[in-house]
Amino acid sequence: MAVPGDVRGRGLSGLPNMNGEEEEEEESHEVLLSVFAQHGQLGLCFYDSRDFTLHYMPDTSDNHELQLLARVVQEVSPHVIITSAKQERCMVQFMQGLGANPDYRPEVVTYPYVDFGLEVSKQRLLSAHFPFLPPAVSERERISYLSSCISFSSPLMLRSVGALLKCLDKRRVGVELEDSSVGVPILQFHTYTLKDVVYVDQDTYSVLQIFKSELHPSVYKLQSGEKEGLSLYGILNHCRCKFGSKLLRQWFLRPTRDLAVLNRRQEVVRFFSCPRNSDSLNTLQSSLRNIRNIPTLLRSMSLSHTKVSDWQGLYKTVYSAVCIRDTVRSLPQSIQLFQEISEGFSDDLYYIASLISRVVDFEGSLAENRFTVKPNVDPAIDEKKRRMMGLSDFLTDVARRELEHLDTRIPSCCVIYIPLIGFLLSVPRLTSMVEKEDFEIEGLDFMFLSEERLHYRSQRTKELDDLLGDLHCDTKDMETAVMTQLQTTVLGRSACLYKVLDLSAELDCLMALSHASQEYGYTTPTLANHHRITLRQARHPLLELCSPMFVSNSFLSSETRGRVKIITGPNSSGKSIYLKQVGLIVFMALIGSDVPAKEAEIGLVDGIFTRMQSRESVSVGLSTFMIDLNQMAHALNHSSGHSLVLIDEFGKGTNTVDGLSLLAASISHWLKRVPAEVPHILLATNFHSLLQLGLLPSSGLLSLLTLETAVDGDELVFLYQLKEGICRSSYAANIATLAGLPPSLVQRGVEVSELYRTGKTIKRIDRPSTEEQANKCVCVVKKFLSVNLEDKSVDLQRYMKEELLPSGGDLL
Ligand SMILES: Nc1ncnc2c1ncn2[C@@H]1O[C@H](COP(=O)(O)OP(=O)(O)OP(=O)(O)O)[C@@H](O)[C@H]1O
């Protein structure tokens with residue numbers, strides 16, 4: 001087995017460096033990045049030979065320019081980038097763009113698509129060289145172990161891992177001089193998040209209902225698939241244009257702890273949430289509606305596929321962008337985004353708008369379903385069009401003169417123009433003209449018969465062809481040339497259009513957040529880089545919309561107010577809702593949104609870890625409890641003093657004692673850390689013995705909370721009010737009655753529970769007690785002994801059947 005120390009000692013350069021050992025080590029390490037993009041999603045991982053670590057990023061969405069990937073490449077600076085030979089256009093362009101940079105040229109390796117296959121990749125991962133695993137472990141144990149190290153629910157990332165492992169094996173990275181039986185070691189796995197991006201995994205998105213997709217109920221929309229159900233994204237997304245919604249989704253997928261970014265967003269949200277600015281908000285929102293998908297428009301232009309509707313779309317877009325700029329210029333320029341729009345929406349937009357309105361004849365274009373040019377753009381086109389317009393009078397005149405030379409039996413004729421064929425003389429078919437030979441007329445060349453009219457070319461029509469040429473086609477060609485020129489001009493100024501796209505998407509998102517803030521009565525949180533979270537009168541953003549009376553609660557987490565909160569309370573008392581509301585509020589603050597609370601001060605967190613929902617996993621075949629453990633392991637291993645950890649009912653998936661012990665051990669593990677390293681932890685549990693048996697170490701960081709309830713007669717009333725303390729009873733019987741269980745059943749449950757608690761024997765009620773059975777036996781024996789067997793009149797058969805046996809009941 002390769003010992004990491006051995007491998008590390010062998011540098012690639014071989015010769016000692018003047019700057020010492022460390023420099024040489026620094027130089028010799030390699031970072032290999034593998035990336036796979038599909039349908040707007042990106043999966044990637046990289047291997048760092050310096051510490052033999054495989055870093056992976058769970059699948060996440062990226063835009064058409066792969067900006068996220070660009071940031072990863074910038075941060076990681078890989079020496080090698082591995083991609084699939086079959087890949088999307090955006091990736092090809094991205095790789096070409098990398099080649100154009102003279103300062104950074106990584107080696108790009110392409111592998112066949114099959115090397116990125118999901119099953120192939122899983123197999124490669126399972127058979128990779130993990131020195132920390134004993135060689136004898138079974139495949140099943142390997143799967144269980146690896147599933148706690150790397151997320152099996154990110155298929156694109158797993159596919160990229162497959163290709164990365166192939167590359168590592170082929171190049172024998174770090175083990176070049178080892179025996180060929182020694183595999184490239186992987187010593188640890190790390191989740192990779194971009195600097196300042198807050199870690200939030202799929203389970204958290206799902207349990208907090210940040211996104212919730214549902215199949216569209218309408219049969220007509222089955223094709224288009226899903227719609228957003230009741231979710232945080234759903235209630236905050238008041239965007240007016242599609243790319244605004246898209247950007248908002250990206251913000252949701254990449255919550256940030258970059259204060260500069262958050263402050264920039266907050267100042268715009270604060271401005272538009274103010275009722276006195278609602279006029280500007282409405283004006284801007286109606287202009288935003290007209291902004292079209294600029295990349296698609298520009299793509300059609302670059303391929304010269306521009307349709308009339310594209311020109312209309314572009315004109316509306318540019319015109320609306322100019323309106324947005326004018327409105328924004330009247331707003332305070334101290335707000336960074338406003339200033340950027342005022343400057344970034346340059347005069348190029350005005351130029352493009354006026355050029356389109358001067359050149360494109362929208363009415364004519366729609367009528368002819370092609371690009372037509374307005375008058376006074378090109379004198380040559382105007383001249384040709386004039387001649388086309390006067391053509392009909394002129395042709396009538398020619399036809400009259402042609403008729404004078406024709407057979408007198410022909411009553412009428414006309415001269416017509418057919419594009420590409422030219423001018424033709426058209427005469428009605430006479431009854432005498434039956435066979436093809438009958439169509440011949442002296443001095444005319446017969447061309448064709450159509451709709452009972454015969455068409456000929458005459459000397460005169462030939463002269464017309466020479467004189468007027470192919471007027472129609474010429475005009476069309478000239479107009480197409482004008483369109484090409486216009487396209488080139490627009491494409492030459494496309495930089496300002498991309499700016500419009502980016503800045504108006506941001507404006508759209510922020511106005512959507514302001515709209516939500518006003519509508520739902522949110523507050524702007526104070527954000528800072530400290531370790532405290534203070535929420536006063538906080539609400540759950542989704543439940544408060546569905547519940548007629550929502551009870552707000554506060555959350556104070558700091559070294560002095562306790563960072564580990566243990567919440568006990570009867571079922572349905574509101575524990576999970578409280579946990580989720582804290583998670584959601586912190587999340588909302590990290591995307592720049594206002595939050596549902598009276599007052600909020602939030603120290604930026606680096607990750608939100610949850611162990612709340614037991615998801616089934618078919619992809620790796622792990623048990624539900626194993627998945628719960630993985631989630632807990634992830635929180636324990638990766639949370640820092642800046643993280644938020646939400647745990648609900650951990651340990652209930654196994655035997656009570658074992659579950660309770662695991663829970664107590666996990667909390668103790670956290671509490672053993674130095675205070676600054678203890679995350680903000682909120683833990684809800686129904687294991688009251690956790691506190692009653694004193695299983696936790698005493699710590700100033702621990703605070704015990706419960707949710708208030710009141711008993712009114714037999715009825716349990718939930719007050720949903722948080723208070724300090726421990727819940728003494730689960731009130732399970734009251735809740736069971738509330739839930740509609742039969743009273744006799746509940747009564748029996750209470751009895752058994754009481755006997756168990758007081759250590760008394762629990763008597764069965766489904767069969768008679770031993771005492772009753774003994775009495776019955778005595779009774780049978782007595783009855784039997786009382787029979788006089790000598791007495792001939794006794795019918796023994798009848799006596800046994802009718803008296804003795806029934807008295808024994810089910811005993812005999
Ligand atoms: N603050 C609140 N204000 C109003 N209603 C609330 C509040 N909190 C919870 N509820 C109501 O109580 C219901 C149950 O809450 P929740 O699921 O949080 O209970 P729980 O204590 O976690 O229960 P269990 O232990 O069984 O999981 C919610 O669906 C909601 O309707």
Side-chain angles (χ1 to χ4, degrees), residues 203-204 206-210 212 229-232 235 520-522 535-556 565-586 588 595-600 610-615 624 628 631 645-653 656 659-660 663 681-692 704-712 715-741 746 749 753:
D203 289 335
T204 306
S206 139
V207 76
L208 295 186
Q209 260 177 275
I210 293 174
K212 189 169 196 306
L230 179 66
S231 66
L232 186 67
I235 64 161
Y520 309 128
Y522 293 166
L535 309 175
R536 295 203 191 273
Q537 296 187 25
R539 287 132 32 212
H540 188 294
L542 301 175
L543 190 66
E544 72 164 340
L545 302 182
C546 326
S547 148
M549 223 265 307
F550 188 86
V551 181
S552 58
N553 276 307
S554 298
F555 173 70
L556 311 169
K565 319 259 179 221
I566 313 276
I567 305 162
T568 45
N571 296 93
S572 297
S573 58
K575 300 183 295 295
S576 316
I577 294 293
Y578 179 66
L579 256 62
K580 288 177 190 172
Q581 101 186 12
V582 172
L584 279 167
I585 290 177
V586 170
M588 287 167 84
V595 298
K598 184 107 188 280
E599 209 184 303
T610 53
R611 201 332 300 157
M612 300 185 84
Q613 193 179 47
S614 302
R615 98 186 115 81
T624 313
D628 293 0
Q631 291 175 339
V645 181
L646 307 174
I647 302 166
D648 195 7
E649 299 190 19
F650 172 71
K652 66 169 189 182
T656 314
L660 180 61
L663 177 64
I681 300 175
L682 263 132
L683 186 143
T685 182
N686 285 321
F687 288 140
H688 295 176
S689 11
L690 178 74
L691 307 170
Q692 285 159 358
L704 309 179
L705 302 170
T706 183
L707 282 142
E708 232 178 314
T709 46
V711 184
D712 180 10
E715 214 178 306
L716 182 70
V717 183
F718 298 110
L719 302 175
Y720 306 117
Q721 196 65 62
L722 196 75
K723 61 170 189 181
E724 291 200 351
I726 305 172
C727 170
R728 300 280 162 200
S729 162
S730 73
Y731 296 104
N734 308 57
I735 295 165
T737 315
L738 270 183
L741 264 71
V746 177
S753 167

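Both counts, for ligands and for their atoms, begin at 1 and track the order of listing. In this text, all values refer to a predicted model and were calculated from it rather than measured experimentally.
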(request) Starting from the C-alpha separation in whole Å, work towards a yes-or-no answer on side-chain contact (heavy atoms from CB on, under 4.5 Å) for Leu719 and Thr709. (result) CA-CA 5 Å; Leu719 302 175; Thr709 46; 5.7 Å; no
(request) Report the C-alpha distance between Gln537 and Asn553 in whole Å, list the side-chain angles of each, state the deciding distance to 0.1 Å, and finish with yes or no for side chain to side chain donor-acceptor pair (under 3.5 Å). (result) CA-CA 5 Å; Gln537 296 187 25; Asn553 276 307; over 6 Å; no
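Counting non-hydrogen atoms of other residues, nucleotides and ligands closer than 6.0 Å to CD of Glu599 gives a total of 12 or fewer.
Ion pair Arg611/Asp628 flagged as a salt bridge, since at least one NZ, NE, NH1 or NH2 atom sits closer than 4.0 Å to an Asp/Glu carboxylate oxygen.
Under the 30°/60° scheme for interplanar angles, the aromatic rings of Phe550 and His540 are found to be tilted. Aromatic ring pairs are classed by plane angle as parallel below 30°, tilted from 30° to 60° and perpendicular above 60°; the pair Tyr520 and Tyr522 is tilted.
Under 4.0 Å from any atom of ligand 1, one finds heavy atoms of residues Leu543, Met549, Phe550, Val551, Pro570, Asn571, Ser572, Ser573, Gly574, Lys575, Ser576, Ile577, Glu649, Asn686, Tyr720.
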